[in-house]
K.L.:
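Once you've had a glance at the structure underneath, I'll fire off some questions.
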Amino acid sequence: MFAGGPRLDLFESSIGQPPRAASHPHCALGVAPGKLLAWKKRLNDAGVPTYGPTRLGPPGHASLYVNDPFGNRLELVTLGFTAEIPVGAPDVSALEYTWSGA
């Protein structure tokens, strides 16, 4: 627990890592609407592919998807995003990369 706020439980699954093509499970992390594109640039500049922003929820919702170096899916999500973006699920095949460990 983080100071009475959100809680993140990590555990090993008896069935192992989900297939890379699976969209769930994943962790979603909230970001400010004005920071989503800056995160996309920062990740892409570091050689990490992203997908999005895209919208699956109501107008103003936006999600940016990325895999961590172990293949775990992460979603940066915001409400209040004002730019025009496509609506639809992410193409998770676009998220594969080899981590350099830099």
Side-chain angles (χ1 to χ4, degrees):
M1 191 83 63
F2 301 107
R7 186 174 111 180
L8 177 64
D9 294 316
L10 303 174
F11 57 92
E12 187 172 345
S13 171
S14 62
I15 60 170
Q17 184 81 351
R20 287 190 184 261
S23 62
H24 286 88
H26 70 269
C27 286
L29 307 167
V31 298
K35 298 289 184 182
L36 191 64
L37 294 177
W39 275 108
K40 179 179 178 73
K41 180 177 180 349
R42 183 175 181 178
L43 289 162
N44 293 159
D45 286 352
V48 178
T50 58
Y51 186 89
T54 188
R55 179 170 68 90
L56 289 171
H61 167 266
S63 292
L64 180 69
Y65 296 89
V66 61
N67 283 352
D68 75 8
F70 302 102
N72 299 299
R73 181 96 3 85
L74 303 174
E75 175 186 6
L76 301 180
V77 63
T78 193
L79 293 173
F81 196 77
T82 57
E84 289 292 320
I85 55 174
V87 176
D91 175 6
V92 296
S93 68
L95 302 177
E96 296 297 321
Y97 70 101
T98 301
W99 187 52
S100 67

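Scope of the values below: all heavy atoms of this structure, side chains included, with no hydrogens, waters or symmetry mates.
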K.L.:
Tell me the closest heavy-atom pair linking A62 and L36, and the distance in Å.
P.N.:
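Distance-wise, the nearest heavy atoms are CB-CD2, 3.7 Å.
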
K.L.:
First locate atom NZ of K35, then atom NZ of K41, and finally report the distance between them rounded to the nearest 0.5 Å.
P.N.:
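Result: 13.5 Å between the selected atoms.
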
K.L.:
Quick one: pull up CG in L37 and CG in N44 and give me the separation to the nearest 0.5 Å.
P.N.:
10.5 Å

K.L.:
In Å, rounded to the nearest 0.5 Å, how long is the span from OH of Y51 to CG of D91?
P.N.:
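Going from the OH atom of Y51 to the CG atom of D91 covers 6.0 Å.
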
K.L.:
Could you point out which residue of V77, V87, I85 forms a side-chain contact (heavy atoms from CB on, under 4.5 Å) with H61?
P.N.:
V77

K.L.:
Which pair of heavy atoms, one from P49 and one from G47, lies closest together, and at what distance?
P.N.:
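It is CD-O, 3.5 Å.
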
K.L.:
What do the steps show when you test T54 against Y65 for side-chain contact (heavy atoms from CB on, under 4.5 Å), and what is the final call?
P.N.:
CA-CA 9 Å; T54 188; Y65 296 89; 3.8 Å; yes

K.L.:
Is V31 reachable from L79 through a run of hydrophobic residues whose side-chain heavy atoms are each under 4.5 Å from the next?
P.N.:
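Hydrophobic grouping puts L79 apart from V31.
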
K.L.:
List the atom of F81, the atom of P53, and the distance in Å for their closest heavy-atom pair.
P.N.:
CZ-CG, 4.0 Å

K.L.:
Measure the spacing between CH2 of W39 and CG of L74 and express it to the nearest 0.5 Å.
P.N.:
11.0 Å

K.L.:
Could you tell me the separation between the CG atom of L76 and the OG1 atom of T50, rounded to the nearest 0.5 Å?
P.N.:
9.0 Å

